[in-house]
S.K.: 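Below is a structure I'd like to ask you about.
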Amino acid sequence: MQIKSQLNKIIKDSFKAIDTTPKSVTVSDATKPEFGDYQYNGAMALAKELKTNPREIATALANELQKHEIFSKVEVAGPGFINLTLNADFLAKNLPTALNERAGVGTREEPIKVVVDYSSPNMAKQMHVGHLRSTIIGDTIANLFEFLGDEVIRQNHIGDWGTQFGMLIAYFEENQKDIDAKLSDLEEFYKAAKKRFDESEEFATKSREYVVKLQGGDESCLRLWNAFIEKSLEHCQEVYDSLGVKLDKSNVKSESSYNDDLANVVAQLEESGVAKESQGAKCIFFEDSENPLIIQKQDGGFLYATTDLAAIKFRVQELGAKRICYVVDARQAGHFKQVFATAKKAGFANEDTLLEHIAFGMMLDKSGRPFKTRDGGTVKLIDLINEAVTRAKEVIKKNDEYSEEELENIARVIGIGSLKYADLSINRQSNYIFDWDKMLSLDGNTALYMQYAYARINSILRKAGEFEEIEPILGDDLERRLALKVLSLEDNLQKAYTEAMPHIITSYLYELATLFMRFYENNPILKDDVPNEVKNSRLVLAKATANTIKTGLGILGIDVLDRI
RNA sequence: GCACCCGUGGCUCAGCUGGAUAGAGCAUCUGAUUGCGGUUCAGAAGGUCACAGGUUCGAAUCCUGUCGGGUGUACCA
C-alpha cells in the first residue's frame, strides 16, 4: 500500500481547512524513532514564504491532523516540525494485504509504455565484466517498471554493424574452415583477427573492403555475418540464462536494423536545419559544448549517434514509448546529452518523452583499479558467473549434507544472487568496488543475509503448520514498527521507480530483515507459553515479512530458498 | 585547456528537491544467549561530512573558489 501519498493528501486537506495552500506537500520518514513514524517539515518553509510564525502554522495544522484516525499521535516539535505516529489499528488492519501475491503492492494509476535499453553486447566478442552492470541494473529496472504496471519493452541494442565485422570476415576468408569450429571460441577468433588487422596493412585494407561489401548487401558476406551473429547470440544467451536475466532473441533489436533509416535521419536533420555541414561532416552544434555531435562522416559513413537517433525515432514513433531508459556506462553521459537534445529539437521525441541515461560507474577491483584478470586481460562474464557459483558452494559446503545436485542448485541461487545484490545495493552512479569476500558474506547488507533471513522465517512457518491469518495484534513497539516497515514496500518501490535506483530497494529490504531479526529476538513465536492468539499474530507478521522479502528480491531478479 | 562526475569514521557505503544530536555494515572492544536454524541479538568506541568563503532562522545537502581523484573531449561503438 502507498502510505506517504495518503498522508500527503491528508496534510493537503488539513491545510485547506486552515485556509492555506502550500505549493506541494511531502512527508518524509522520521529521522529518529522517538519522533514517530513520519515527519512533515513544510511548516517552516511556508512560514518563511508567508512571513508568519512557523510554530503557529504547525500548531494549527497539527490540530487539524489530529482529527484523523490514521494517527495515534501528532506532535509539534522544535521550530515547527510535525511528528506523526500512525495508529496501530490502521497498520494491523492493512497488514494482511502484504500476504497476497503482490505483497500488497498496487499498480500505477497511469501506466505508461517504457523502453529499457540494456546489456547491449558487442557481437564480435564475448561478453565481459563491462556488460555486467548494464545487464543486471537494466533487468532490475525493467522488472520494477513491469511490476508496477508499466508496459515494458526490453531492448537489447546489440552491436552488430561495426568495422570489426569486416575484419572477422577477412580473417575467416583467409582461414576457410568449418564455421562452427572456428567460432567455438569467438574470443580467440576475434583476437587472432585483430592481431592480423594490426600487423598487416594489406589485411586491414581487405577488412575495410569487406565492410563496404557487407553494407552493400553482398550475399556471401551477409551469410558469414549472420553466422557470426548467430553464434555470438548463443554465447550471450548462455550468460543471460545463468544470470536469470529476462532477455532472449525476442528482445534483440540490433544496430543494423536501423540501417535503412540512417540516411533519412540525416536528411531530416538537415532539412529542419538542426544539422549543419562542417569540415565535410554533418554535425549538430550546441551552445554549451565545443564539440558537435557528428551524424555523418566525411566519407559518408554513419555513426553511433546516427543509429541512436534512429532508435529514438523508432521507439517513440513506432513503439509509442513515453519513457526510454538507457542503461549505459556513465562515460557516455556527454554523448547521450547531445543525442537527447537533438532528438527533442528534431521532433524525433516529443516534448514530454522522458529520455533518461541510467548511468552507472565502473567496476573496480579491491584496490580501486579497473577490474581485470591477473594478467591484465578482460574478465569474461561467464567465468565471473561460474566463479560466483563455485565460491558460493565453498561457503555453504561446510554446514550440511546435501546431495551434489542440491548443492549445485543452492550454490547457483546464492552465487548469482550475491553477484547481483552486491551490484544493485550501491548507488549505481558511483564506481563499484568488486570484492568477493564482502559479496558472499553472511553479515551486513548482502544477498546471503536476506536469503538466510527468508529461509529462517520459512523454517518457523514450516514448524508452525497451518494457522489462521488474522489481523495481527501490534502489542509492542517492535511489532508495530515491523508492520509499518512491511507496509512501506510500495512507497519504496515508487521511489526506486521515479529515480530508477535499485539500491533504494535493497536498503529497504535490509532494514526490513534487520527489524525482523530484532522483533524475533524479543518476541517468541513458537514457544510453549505464547498464547495462541499472540502466536498467530506473530506468525502473520513473519509470513508477511517473508513474502515482502521474496517479492522485493524477485524484482531484483534474485531467488530465495526455503532452506539453506 | 574546456566540460561532467566524485571527495562522508580504518574500510565499504547510505543520506544530497536545506531541517532536530550526520546513519548503516565490515573490522575492533564488551556483553547476552546452550537458543522458535547464534550464519543471532544488545552495547561501546570511532566523523572539523576534502578545504575556504557565501546564501539562510537552519547547510553533508544550494552557490563561488581552491585542492585531490576519475571520466569525456570532431568523424570508433
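Sequence lines set the chain letters: A, B, ... in the order given, protein chains first and strands last, and positions in each chain run from 1. None of these values were measured; they are calculated from a predicted model.
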S.K.: Decide whether a cation-pi geometry holds between A:K393 and A:Y402; the criteria are a distance under 6.0 Å from NZ or CZ to the six-membered ring centre and an angle within 45° of the ring axis.
M.R.: no
S.K.: For A:R331, report the nucleic acid contact type (base, sugar-phosphate, nothing); a contact means any heavy atom under 4.0 Å.
M.R.: sugar-phosphate
S.K.: Write down the atom of A:A343, the atom of A:L309, and the distance for their closest heavy-atom approach.
M.R.: N-CD2, 3.9 Å
S.K.: Distance between the C1' atoms of B:C76 and B:C2, in whole angstroms?
M.R.: 22 Å
S.K.: B:A77, B:G37, B:C41: which one has an atom nearest the side-chain heavy atoms of A:E521?
M.R.: B:C41
S.K.: What is the distance, rounded to the nearest whole Å, between atom CD1 of A:I396 and atom C1' of B:U39?
M.R.: 12 Å
S.K.: Rounded to whole angstrom, note down the P distance from B:C16 over to B:U61.
M.R.: 13 Å
S.K.: Measure the CD1-CG distance between A:I564 and A:L448 for me, rounded to the nearest 0.5 Å.
M.R.: 6.0 Å
S.K.: Would you measure the distance from the P atom in B:U64 across to the matching atom in B:A3 and give it in whole Å?
M.R.: 11 Å
S.K.: Is the ring centre of A:Y258 less than 6.0 Å from the ring centre of A:H157?
M.R.: yes
S.K.: Using side chain to side chain contact (heavy atoms under 4.5 Å, CB included) as the criterion, point out the one residue from A:L541, A:N523, A:D476, A:D477 that pairs with A:L482.
M.R.: A:L541
S.K.: Do the ring centers of A:F519 and A:F516 come within less than 6.0 Å of each other?
M.R.: yes
S.K.: Checking all strands, does A:H503 fall into the base, sugar-phosphate, or nothing category for heavy-atom contacts under 4.0 angstrom?
M.R.: sugar-phosphate
S.K.: Distance check, P atoms only: B:C13 and B:U40, in whole angstrom units.
M.R.: 23 Å
S.K.: Answer with base, sugar-phosphate or nothing: what part of the nucleic acid does A:A455 contact at a heavy-atom distance below 4.0 Å?
M.R.: base
S.K.: Taking the C1' atom of each, how far is B:U21 from B:G15, in whole Å?
M.R.: 16 Å
S.K.: Need one value for A:A330: base, sugar-phosphate or nothing, where a base atom within 4.0 Å counts as base even if backbone is also close, heavy atoms only.
M.R.: nothing
S.K.: When rounded to the nearest Å, what value does the distance between P atoms of B:C26 and B:U66 take?
M.R.: 41 Å
S.K.: Considering every strand and a 4.0 Å limit on heavy-atom distances, what is the contact class for A:Q279: base, sugar-phosphate, or nothing?
M.R.: base
S.K.: Ignoring the backbone of A:M362, work out which of B:U71, B:A74, B:C41 is nearest its side chain.
M.R.: B:U71
S.K.: Name the orientation of the base relative to the sugar in B:G38: syn if the glycosidic angle is within 90° of 0, else anti.
M.R.: syn
S.K.: Classify every nucleotide of nucleotides 19-29 of chain B by which part a protein heavy atom approaches to under 4.0 Å, writing B for the base, S for the sugar-phosphate alone and - for neither, in 5'-to-3' order.
M.R.: BBS-SSSS---
S.K.: Find which nucleotide of RNA chain B each of A:I294 and A:K527 is nearest to by heavy atoms, and output the residue with the more 5' nucleotide.
M.R.: A:K527
S.K.: Verify, without hydrogens or angle tests, whether A:S134 (side chain) and A:H131 (backbone) share a donor-acceptor contact under 3.5 angstrom.
M.R.: no
S.K.: Distance between the C1' atoms of B:C29 and B:A45, in whole angstroms?
M.R.: 8 Å
S.K.: Which distance, rounded to the nearest 0.5 Å, do you find between the CG of A:L493 and the CD1 of A:I505?
M.R.: 5.5 Å
S.K.: With sugar-phosphate meaning primed atoms plus P, OP1 and OP2, does A:Q429 contact a base, only sugar-phosphate, or nothing at under 4.0 Å between heavy atoms?
M.R.: nothing
S.K.: Could you work out which one of B:A74, B:U40, B:C76 sits closest to the side chain of A:S278?
M.R.: B:A74
S.K.: Classify A:I525 by what it touches in the nucleic acid, base, sugar-phosphate, or nothing, heavy-atom distance under 4.0 Å.
M.R.: base
S.K.: Looking at B:A74, B:A42, B:G1, which one has an atom nearest to any side-chain atom of A:R518?
M.R.: B:A42
S.K.: Between B:C2, B:G15, B:G37, which nucleotide has the shortest distance from any of its atoms to the side chain of A:N427?
M.R.: B:G15
S.K.: Rounded to whole angstrom units, what separation is found between the NE2 atom of A:H157 and the P atom of B:A77?
M.R.: 11 Å
S.K.: Of A:R456 and A:G159, whose closest RNA chain B nucleotide lies nearer the 5' terminus?
M.R.: A:R456
S.K.: With a non-hydrogen cut-off below 4.0 angstrom, is A:N122 in contact with a base, only sugar-phosphate, or nothing?
M.R.: nothing
S.K.: Which of the following nucleotides, B:A14, B:A74, B:G38, is nearest to the side chain of A:I426?
M.R.: B:A14
S.K.: Would you say A:Y452 places a side-chain N or O within less than 4.0 Å of OP1 or OP2 belonging to B:U40?
M.R.: no
S.K.: Counting side-chain heavy atoms from C-beta on, which of B:C36, B:A77, B:C41 comes nearest to A:Y449?
M.R.: B:C41
S.K.: To the side chain of A:I433, which of B:C13, B:C2, B:A74 is closest?
M.R.: B:C13
S.K.: Quote, to the nearest angstrom, the P distance that separates B:G35 from B:U12.
M.R.: 40 Å
S.K.: Examine A:Y326 together with A:F340 and report whether their ring centres are nearer than 6.0 Å.
M.R.: yes
